[in-house]
Amino acid sequence: MIEPPKADEFFFTHAGLEKARIQSVIDDALGGLDDGELYFQYGLSEIFSFDNGHLKTAAFDTTQGFGLRGVVGEVTGYAHSNELTEEAIKRAAGTITAIKSGEGGRMDVSPRKTNRHLYPPDNPLEDYEFQAKVKLLEEIDAYLRAKDERVRQVSASLAGAWNLIHIMRAGGASASDIRPLVRLNISVVLEQDGRMETGVSGTGGRHGYSRLFKTKNWKAQADEALRQAAVNMTSVPAPAGEMQVVLGPGWPGVLLHEAVGHGLEGDFNRKKTSAFAGLMGQQVAARGITVVDDGTLEGRRGSLTIDDEGTPASETVLIEDGILKGYIQDRQNARLMGMKPTGNGRRESYAHAPMPRMTNTFMLAGKYPPEEILKSVKDGIYATSFGGGQVDITNGKFVFSCTEAYRIKDGKVGKALKGATLIGSGPEVLKKVTMVGNDLELDLGIGTCGKEGQSIPVGVGQPTLLVDGLTVGGTGA
């Protein structure tokens, strides 16, 4: 079993801080408040990008700092610095005391401890030498160019990060975590008869580089990017109008993440700005639909041993058989709503205060084989991959562009489509799902979620779904 990270020893040794003195500062600053913590972070990150046969970028970054947060009711005071000294922490504490109301609150109960470890503490940046990482990208470039003479451009990137965090609370409670994260992205452009099309694929997670360096693994991603580009080369303009839409398994769960998941985050529901506000216990989706947010999946990109407030990650059932059962919660919004934190208090870095954010959000499998779902469609489209999109959290309305989609006629998958967009409302789409496949897949570890200027790694997933009536935007017939 992996030993718990000794993050506290690292920070106090690395920065020369005296633990008892820092604890005294925290106790004085946060005493009488409803909640708060001192969050230390030390992080290493790197990225290599390869474009058209040349190493374009090789960057390495070291990040360190702390953030001190105090919470009174709905008010949050936050101060941060990249200076790891007792004097800087005291200055931050002086800023935090400005939010004290004088009424003397009661500090919320500290998160429970956990001995669970969902990923190794090893630093992935040390797995391979600089030249080995460059060589991998060179091999990907050469492999794709040799496989198809139509290849005109290959872009590949390799990224890794290792973050060590330590959280201290008033009263002496503390929690630590060491988080690895790696990712490989591949993009290829084909040209044929003056037409150019792109395919993209990638993989990653909370583990070392070794999985990405295995030949069969990186070749699988290169082949997938090439396949997608080749499919798009044969695509025809997508039709427009309302029709049946089959959503493929895995990455298409990004639509669920954006159009539904954000609407189930605690802050939006506490402030009643979400389309799901006030609907707890009510039917919000078709029967057979169960949606969960699970940060406890080993090695997944969105997983966390503890969140950024020290709460252990958990599996939270959001929608069960169509009934709204729960919200994604951090400590502040859970307390204000009379609910329990779910281990979803997340932040981009020490320079940001935590807020309720998703981890790995996905729909559970149903009973229908995907072939049966496709055969049931008389006239519609089959969307298997998505690119960018826009969502309005207040009403759940979305617009998503498909990067790979096909026309379905009389139960048969036909020509690939170009320029298809899906337009609708998350809450309405959930009610129009008539068949849920038995082929649940999670994405390959490439998701990044943005909210209020903060970006964090997340996971998505779903089985094949049939939506009986969704607006499709296109320029074809």
Check whether [X] reaches the backbone of [Y] with its side chain - one donor and one acceptor, N or O, closer than 3.5 Å.
X: E372; Y: L374; result: no
X: S274; Y: T394; result: no
X: R69; Y: Y39; result: no
X: N232; Y: S235; result: no
X: R300; Y: D443; result: yes
X: T361; Y: M358; result: no
X: E428; Y: G396; result: no
X: E265; Y: I328; result: no
X: K451; Y: P356; result: yes
X: D307; Y: G310; result: yes

Before accepting this row, confirm whether a basic side-chain N of the pair R145/D141 lies closer than 4.0 Å to the acidic partner's carboxylate O.
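Salt bridge between R145 and D141, a charged N being under 4.0 Å from a carboxylate O: yes.
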Quick test of your reading of the model: are R346 and E309 salt-bridged, counting only N-O distances below 4.0 Å?
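No, R346 and E309 are not salt-bridged.
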Between the side chains of [X] and [Y], does any donor sit under 3.5 Å from an acceptor?
X: Q41; Y: N163; answer: yes
X: D51; Y: Q153; answer: yes
X: T57; Y: S49; answer: yes
X: D293; Y: T342; answer: no
X: T63; Y: D61; answer: yes
X: D468; Y: T434; answer: no
X: R357; Y: N344; answer: no
X: T448; Y: R301; answer: yes
X: D308; Y: Y350; answer: no

With a 4.5 Å cut-off on side-chain heavy atoms, are [Y] and [X] touching?
X: P354; Y: D330; value: no
X: F213; Y: W218; value: no
X: R179; Y: L304; value: yes

To the nearest 0.5 Å, how far apart are [atom1] in [X] and [atom2] in [Y]?
X: F400; Y: L470; atom1: CZ; atom2: CG; answer: 11.5 Å
X: T76; Y: M355; atom1: OG1; atom2: CE; answer: 10.0 Å
X: W162; Y: I178; atom1: CH2; atom2: CD1; answer: 5.0 Å
X: F60; Y: L44; atom1: CZ; atom2: CG; answer: 4.5 Å
X: I165; Y: S349; atom1: CD1; atom2: OG; answer: 11.5 Å
X: D294; Y: S303; atom1: CG; atom2: OG; answer: 7.0 Å

Tell me which one of I381, L422, T464 satisfies side chain to side chain contact (heavy atoms under 4.5 Å, CB included) with L247.
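Result: among I381, L422, T464, L422 is the only option passing the side chain to side chain contact (heavy atoms under 4.5 Å, CB included) with L247.
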Among K340, M339, R270, find the one that has a side chain to side chain contact (heavy atoms under 4.5 Å, CB included) with Q329.
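So the option named by the test is M339.
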Counting only heavy atoms from other residues, nucleotides and ligands, does the tally under 6.0 Å from [atom1] of [X] exceed 12?
X: E298; atom1: CD; answer: no
X: K397; atom1: NZ; answer: no
X: E149; atom1: CD; answer: no

If you apply the rule side-chain contact (heavy atoms from CB on, under 4.5 Å), what do you find for N360 with L442, and how did you get there?
CA-CA 9 Å; N360 304 297; L442 300 179; 5.9 Å; no
Taking the six-membered ring for Trp, are F130 and F48 closer than 6.0 Å centroid to centroid?
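Yes, they do, as the ring centres are separated by less than 6.0 Å.
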Residues in salt bridge (charged side-chain N to carboxylate O under 4.0 Å, His left out) with R347, at least two apart?
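Salt bridge (charged side-chain N to carboxylate O under 4.0 Å, His left out) check on R347 returns E37.
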Name the orientation class of the two ring planes belonging to Y382 and Y406 (parallel below 30°, tilted from 30 to 60°, perpendicular beyond 60°).
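Judged by the thresholds at 30° and 60°, the geometry between Y382 and Y406 is tilted.
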Ring geometry between H166 and F40 (parallel below 30°, tilted from 30 to 60°, perpendicular above 60°)
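Parallel.
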